[in-house]
2 protein chains.
Amino acid sequence: MDGNGLHGLELRSSISGEGVLELSLQEAAVPEPAADEIIVRVEATPINPSDIGVLLGPAALDTAEFAGTAARPVVRALVPAAALPAIAARLDASLPVGNEGAGTVVRAGAEVVHLLGQQVAVFGGAMWAQYRRAKAADCLVLLAGTTPREGASWYVNPMTALGFVQTMRQEGHTALVHTAAASNLGQMLNRICLADGIGLVNIVRSSQQAALLRGQGARHIVDSSASDFTAALTAVLVETGATLGFDAVGGGPLAGQILAAMEAAARQTANGYNHYGSDRHKQVYLYGRLDTGPTTFERGPIGFAWGLGGWLLMPALKKLGAAAEARLRARVAAELKTTFASHYTADVSLAEALQPEIMRAYCRRATGEKFLILPQQGLG
Amino acid sequence: MDGNGLHGLELRSSISGEGVLELSLQEAAVPEPAADEIIVRVEATPINPSDIGVLLGPAALDTAEFAGTAARPVVRALVPAAALPAIAARLDASLPVGNEGAGTVVRAGAEVVHLLGQQVAVFGGAMWAQYRRAKAADCLVLLAGTTPREGASWYVNPMTALGFVQTMRQEGHTALVHTAAASNLGQMLNRICLADGIGLVNIVRSSQQAALLRGQGARHIVDSSASDFTAALTAVLVETGATLGFDAVGGGPLAGQILAAMEAAARQTANGYNHYGSDRHKQVYLYGRLDTGPTTFERGPIGFAWGLGGWLLMPALKKLGAAAEARLRARVAAELKTTFASHYTADVSLAEALQPEIMRAYCRRATGEKFLILPQQGLG
């Protein structure tokens, strides 16, 4: 029922059974909120790598054709046939996109009318839209003085960075390694670790990125493009005692190089010879896919006390429990302008998010490049 | 002090600081046992892959030179300079070799004189020797009618196979995948799983190996050399619900193929689409190194709920606790002629274990080839 008279655009992604991806903006009536729900007018929502996964699925961007009008663009691209079985469950479904964002409460159910006019941050999908219905209890009310723009990236990166630290504690490690460390997420993690006194080894891919983190007070920075990478990494692992890494790259040899350097560091500080290597457990979690190629590692240099694994935010938070998650959310709310501040390369409208140059830019997933969608902008 | 007048040969391995491996037989006086110790005359001791690791270290067998006499052979081989740092702790040390074996108690300390003349199985290194001193409490007294030959391989393979099942239970899985499944260890695991009603997916590398296991009643056999490997593996994973694998191969794509097939099986039985893949945790432990090349896997087909890791017997047993380990040992003792029976390609003397053709044969680590050293044989 179109009870409240609101209509809004939403960005939708669907893949047909024949393997054609279609992205478009669709006008939809905004439903009436239930008693415990609110309607948020979305004012800012970021483009995260995790959103791009839902947006494109396994479609190849270089096959994209751009049609429609400037205000109502339509993008079509092809999914390789071999990739279809793995996404059987989403075929022919129209999926909303956008994990997180923030805006103003414009409608509120009977139990939550006090939220009307408040600015809130939302997580949970379907945020690349002008309006989003949400359970009030799932939203974060922004502190006075925090804008929707400042609150848009409140969940994915902040909770992931805090989640890394929680996993570290749960699994008995005392210091961390992080790759692609100059990213927005990496900068947050650096600020958390500096504030909380946690040793953090920042692995970056260029001297520019190293300089950026150095300017933010990072203590341990290793450049994987430098010729002394392995030796430098081993030295800071000895210094920090880090035996847990979070890797955003995923593909290639990097995760294995981290395990090997952790093992070399452990052997330097161990007593006596053990044919099977150090008995200190070394773990690297792959949480990102900046490199989608295969992951390769040598087992000789890493001994037997090691693990590689996938790491996802939601299962990690579930393991943590609701009370602990609530504490993390409260910290994010209080530190959105400092620890958890995000920086954006450019602002775009919903329609611009489907323009060729802009899509190519955010699909590069270059460290430090991040786009913000302003869904109320550019309406015709 | 040479108090008991016994002398015996031991096989020794040492690597010099310059990277020269030397293997030889050395005559040593057998020490007097302490009050709680025994001296075992070793009558049978197997050559396990784990022994070869200690024996050769990272030396290249194809550089080996064979010198000495037939009764006192000396083997020298070269360790690549790049491999020396990782073994710094063993350089210039003369290491005994041989994890396990069995024989007759020929001397016993005051507290354990009742063991004199008994046949016992020993684990813990230095078994490629004519005599071995051991704490009586660490030994397994063989049941009447079980010979040292039958008891020689009582620990490494039996406890590893039982350890796999224990790890499965500890980590909440209900069925297993095993590679190189036609090995002595694989045959034991098959017998355990048949007896205990545990689903076991046996991955083999040839139709001959498949036939061998089929002849032993194995229910689920998949041949990785067959063209329908992936489909066949996925089908038996759906059938068994196995989400834990133990991989003896280690290198190459196999572990990743197992994870991908587990994920495909999980998606077949899951409800609805999850962009990040199934939330069912899939785990493969690499416990062997039949392929010493790099391990490679694709992350796209495995989702995020997965882990790879090293698996070693001793830490796994430690996690299990002493009481549980004692129960496993008792089961091994009772079933040495059935569940835990080993088969050997050939018997060799200590001196023959250092002959070129024999070394080349056991260093191939071919599935189903296994050598037994009889240290009392061939003495001149």
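Numbered from 1 within each chain, the chains take letters A, B, ... in sequence-line order. Just so it is clear, the model here is predicted, and its values are computed rather than measured.
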Can you tell which part of B:Y287 gets under 4.5 Å to a heavy atom of chain A, answering side chain, backbone, both or neither? backbone
[X] side chain near [Y] side chain, heavy-atom distance below 4.5 Å:
X	Y	result
B:Y276	A:V54	no
B:M314	A:F304	no
B:F297	A:T296	no

Checked B:G251, B:P294, B:P301 vs chain A; the most non-hydrogen pairs under 4.5 Å come from B:P294
For the backbone of A:P85 and the side chain of B:R267, can you confirm whether one donor and one acceptor N or O come within less than 3.5 Å of each other? no
For chain B, the option from A:P315, A:A305, A:G300, A:A93 that forms the most heavy-atom pairs under 4.5 Å: A:G300
Can you name the nearest heavy-atom pair linking B:R299 to A:T292, along with the distance? NH2-CA, 3.8 Å
Hey, what do you get for CG (A:L308) to CG (B:L286), rounding to the nearest 0.5 Å? 9.0 Å
